[in-house]
Every structure is written in C-alpha cells, then in structure tokens.
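Notes follow once the structure below has been shown.
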There are 2 protein chains.
Amino acid sequence: MKHLPHKTIERLSQYRRALLICLDKGQTHIYSHEIAKIQHITAVQVRRDLMLIGYTGTLRKGYNVKELIELIGEIIDSQEGINVSIIGMGNLGRALINYFSGKRSHLKIVASFDINPDKIGNTMSGVPCYSSDDMEKIIREKDIKLAIMTVPADFASQTADALVKAGIKGILNYTPKPVNVPKEVYLEEYDMITSLEKVAFYVKLNESAG
Amino acid sequence: MKHLPHKTIERLSQYRRALLICLDKGQTHIYSHEIAKIQHITAVQVRRDLMLIGYTGTLRKGYNVKELIELIGEIIDSQEGINVSIIGMGNLGRALINYFSGKRSHLKIVASFDINPDKIGNTMSGVPCYSSDDMEKIIREKDIKLAIMTVPADFASQTADALVKAGIKGILNYTPKPVNVPKEVYLEEYDMITSLEKVAFYVKLNESAG
DNA sequence: CTAACAATGTGAATTAATTAACAAAAAAAC
DNA sequence: GTTTTTTTGTTAATTAATTCACATTGTTAG
C-alpha cells in the first residue's frame, strides 16, 4: 500500500465509526452496499477503498466487521496513541471535549488551554484547563502532538505560532482565519461559515433550477 | 458561467472573507498571489476561480477589492437573504450563534431549537430559542430555509426527518451520524472526529517518513 | 524610446477522484 | 447438478480539480 488518497483516509475513519455501531449491535458481517448506504456513497467506492488498504471480504458474505475495524485501526491509528490538546475553552472547545469524552480512541485529549482565569484550574470531562502562558511547557511535558484551535479569530495567528514553537506536529484550525505553519507541521483548516455559505448557494441554485 | 466547481464555491466564500478584512484595512487592490498566500493555495488557482466567475482584474494592479466582494456576493448570496435555524443549543449550537452574531451577512440566524425547558424561551445574541416541538410551525412561519444540526448523535436521524417534513431546503449536519434526506434537500455533513483522525494520520505518516 | 519586469488570463497537461463495466465465484433456487 | 443470483475485486473510462506553460500587456527603469 503506497499512497492512500486523502479522501480515502477520511472515509476510512467514517467507515470505522459506522462499523463500531454495527459491532455493538452484534452484526458480524456487512456488505459494501450497506456501508455505502450509511455514508451516502456508492458501493464501488467502498470496495475500492477497501481494495486500497488490501482488505478482502468474503464473496456473498461481505466484510467481517471486527476484522475490518481492526485493519482500519492499524492503518490510521498510531500504535502508542496520540495526545491532543484544545486551545480555547469557549463553546466550541467545550463542545469538542464533550464530543470526545468517553469515546474509546487512540486520540486522548489530555489538556486544554485558555486565558480566562475563571477557567484555568478547572477540569471538564477529565480534561484539565491550563493557562495559555504555560502552553509550551505543558505541551512538551505531556508529549502533546496535536492541537485543536478553537480560539477567537483575532488570536488565531499568534496561537498557531506558539503551538509551532512548542513543537506541535499537527493542527486542526477551527478559527475562521487561515494560519501559517512550517511545512513539517500538518495543518487542517475548517471554516463553518464557508460550509454554511456553500449550503446556501446550492439551495439558491436548486430554487432557481426547480 | 455554467457550472462552478464545488471547490470554487468554497474558495469564493473564503476569498470574500479575506477581502472584507482587506477592505476594512483600506486596501483597494489585491494581487492573485496575495489572496493565494492567505488561503495557502496557488495564485493560478485564484486566477482560475476568478476567471470562472468572469471577473477580470487590472494588469499589474491586481483585483479591485470592493468590486470583487460585490461580485462574489452576487454569485453566492441570494438576493433576499436566507433565514437559518440552529437545532440543538448545546455548546456547539451556542458556538455557532456567537460566531455569526454581528456579522453582516445575507444569512440570518432567526431561530434556535432545543428540548431542554431551561433553554426554551431564552434569547442568545438576539436569537430566540424555541421548543423542538414547535419546529415545524416556526420554520414555516419564519420562512426558514436552512438548518444547522448540532443535536446529540442519537437525535440526528429524527431531527433530519422533522426538518425535511417542515420543508427545510438545506441542512448542515454537524452530528457524527450521517442522515438521509430526499434529494431535493441539499445536505452537507461535517464530522469533527474524521478531521481529527485525518490530522493524526498525517502526523503519524510524517513521523514515520522522518 | 526601448528593454526588462510583473502581473493577468487561459489552453493544454497533469493529477486526483469517481464511476462504469465486467469477470469470478460462492450460494441459492430449481 | 445445472442455472440463476448476488456479491466481491479490479481494470478501464470518465469526470473533477489542479498545475504548467506561456502569450499578453501595462508599468517601470534605464
């Protein structure tokens, strides 16, 4: 397996989530078209993705749920687990902590940071909140590799700089401001306003068409 | 202009946001490579997108910031503005309301919904919170076209069904559960866990590559 | 005035992602 | 036991998105 397409990586993560639900329900096998239905994609797409990771199902029985979950884990997870931090304990930061808490996952949120003294020192869903001033120290101490940026837009740039300085390896930026990082730091940016405007655009298009 | 690529639509939204900031700073013109730098893409990409929407800049002066903002608006906005609702006033719902409040935008968040009696009747950043039981009624009354789903995963499916029944035209689903809607409803789904797992994967890849 | 430069605009080439088409084979139907 | 059905796996074709390469032309420098 050489280079998995970016889109395949995303889908593998999603397949796994769907598969875990199937597993909980006691389902042992699943067809490509069942996975496809859940994810709103085609069965060929699913089969191709699984082909790319070298998993083969059983003809007419489909794929073994448990095996597939494990294989996807081997591919996208890192063995040791990865420590994650959330920068900015506003509503979005809190949403993310709740979201992840209780999930069995190789990604562990081990710290959050804020500048608000009322928040510093608190613990939420088991995640302690530290002062942003101590960010570099704690990131190094706790061997935190990933950071999720949920600070206000005006702090985006300086936060990213501080994270890079602290030796972070990957950033997921949820602020609406694109940030700059050196190329050895993996950066993923997502902008909620863009998504909403996109939906609005296609709704408008549908209206004018139909 | 026939069919703008999906990716172009997303970028136009982002260009506009960047341009508005430039406008505020008093900048009247901007080069393709300046826009590109902000968005971490190439200048050719920017020029091609603008070509697709039929905007032409001035040689050696770049693009007129104000004009371009207006043109992008003409393309992606609908003239009358669009009413938006947020379903689920948890942390994520609140984050989104704050995010949008005070932004001059053709997208107006006019209602939010929740099942928690403590939240119903309150107003946040000018957005009233109604009971989910009244969803259909209020969506029709207020002519709400778009909904942002920020309910817990277990409510995803039933919420989507209710929205469709209420005649919603577009849904932005932030729950980790994919939902099904008829094809005349535009659906966009975003999953934070997938994004984080993707970052983790590429960090792992970078590590192992050296 | 002329040459060098710096920017846009775009056809052609490339790369990425998806879909079509179908062979293979196990299971079910008869 | 033969035929039909159903599902996987994969090559080839197609479509979508990006990048290359370069013509064009206003601007600046000399």
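In the text below, chain A, chain B and the rest are named by the order of the sequence lines, each starting its count at 1. Computed from a prediction, not measured in an experiment: that's the story for all the values here.
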Detail all sub-3.5 Å separations between protein N/O atoms and N/O atoms belonging to nucleotides 2-5 of chain C.
unit_1 : atom_1 : unit_2 : atom_2 : d
dC5(C) : O2     : R60(B) : NH1    : 2.6

**OP:** Go through the structure and list residues passing side-chain contact (heavy atoms from CB on, under 4.5 Å) with D161(A), not counting sequence neighbours.
**Re:** S157(A)
Original post:
What is the nucleic acid contact for T8(A), judged by heavy atoms within less than 4.0 Å: base, sugar-phosphate only, or nothing?
Top reply: nothing
Subject >> Any Y63(B) side-chain N or O less than 4.0 Å from OP1/OP2 of dG9(C) >> reply: yes
Contacts under 3.5 angstrom, residues 167-181 of chain A side chains, donor-acceptor by atom type, not counting sequence neighbours:
unit_1  : atom_1 : unit_2  : atom_2 : d
N173(A) : OD1    : T175(A) : N      : 2.9
N173(A) : OD1    : T175(A) : OG1    : 2.8
N173(A) : ND2    : K177(A) : O      : 2.9
N173(A) : ND2    : E189(A) : OE2    : 2.9
Y174(A) : OH     : Y190(B) : OH     : 2.8
T175(A) : OG1    : K177(A) : N      : 3.3
T175(A) : OG1    : K177(A) : O      : 3.2
N180(A) : OD1    : H40(B)  : NE2    : 3.2

Subject >> Pairs touching residues 68-113 of chain B that satisfy ring-ring contact (aromatic ring centres under 6.0 Å, His included), sequence neighbours left out >> reply: F113(B)-Y130(B)
Original post:
Taking only side-chain nitrogens and oxygens of R47(B), does any of them come within less than 4.0 Å of OP1 or OP2 of dT8(C)?
Top reply: yes
Original post:
Considering only dT10(C), dT10(D), dA17(D), which nucleotide approaches the side chain of M51(A) most closely?
Top reply: dT10(D)
Original post:
In residues 188-198 of chain B, which ones come under 4.0 Å of DNA chain C, going by heavy atoms?
Top reply: none
**OP:** Using heavy atoms and a sub-4.0 Å distance, could you list which residues of residues 177-187 of chain A are near DNA chain D? By number, please.
**Re:** none
Original post:
Between the two ends of the helix from dC1(C)-dG30(D) to dC30(C)-dG1(D), what is the bend in degrees, rounded to 10 degrees, where each end axis spans five pairs?
Top reply: 0°
**OP:** Using a strict cut-off of less than 4.0 Å between a Lys/Arg side-chain nitrogen and an Asp/Glu carboxylate oxygen, indicate whether R140(B) and D134(B) qualify as a salt bridge.
**Re:** no
Original post:
From the list dA17(D), dA26(C), dT8(C), which nucleotide is the closest neighbour of the side chain of L59(B)?
Top reply: dT8(C)
Original post:
For I115(A), which residues count as a side-chain contact (heavy atoms from CB on, under 4.5 Å) partner, sequence neighbours excluded?
Top reply: S132(A), F155(A)
Within the sub-3.5 Å range, which N or O atoms of nucleotides 12-16 of chain D have a protein N or O partner, and how far apart are they?
unit_1  : atom_1 : unit_2 : atom_2 : d
dA12(D) : N6     : R48(A) : NH2    : 3.4

Would you be so kind as to tabulate the donor-acceptor pairs closer than 3.5 Å made by side chains of residues 19-27 of chain B, with sequence neighbours excluded?
unit_1 : atom_1 : unit_2 : atom_2 : d
Q27(B) : NE2    : H29(B) : O      : 3.1

Below 3.5 Å, can you tabulate the donor-acceptor pairs from side chains in residues 31-39 of chain A to any protein atom, sequence neighbours excluded?
unit_1 : atom_1 : unit_2 : atom_2 : d
Y31(A) : OH     : R60(A) : O      : 3.4
S32(A) : OG     : R47(A) : NH1    : 3.3
E34(A) : OE1    : Y31(A) : N      : 2.7

Original post:
Got a sec? Which of residues 34-46 of chain B come in under 4.0 Å of DNA chain D, heavy atoms?
Top reply: T42(B), V44(B), Q45(B)
Subject >> Ionic contact status for K7(A) with D49(A), cut-off 4.0 Å >> reply: no
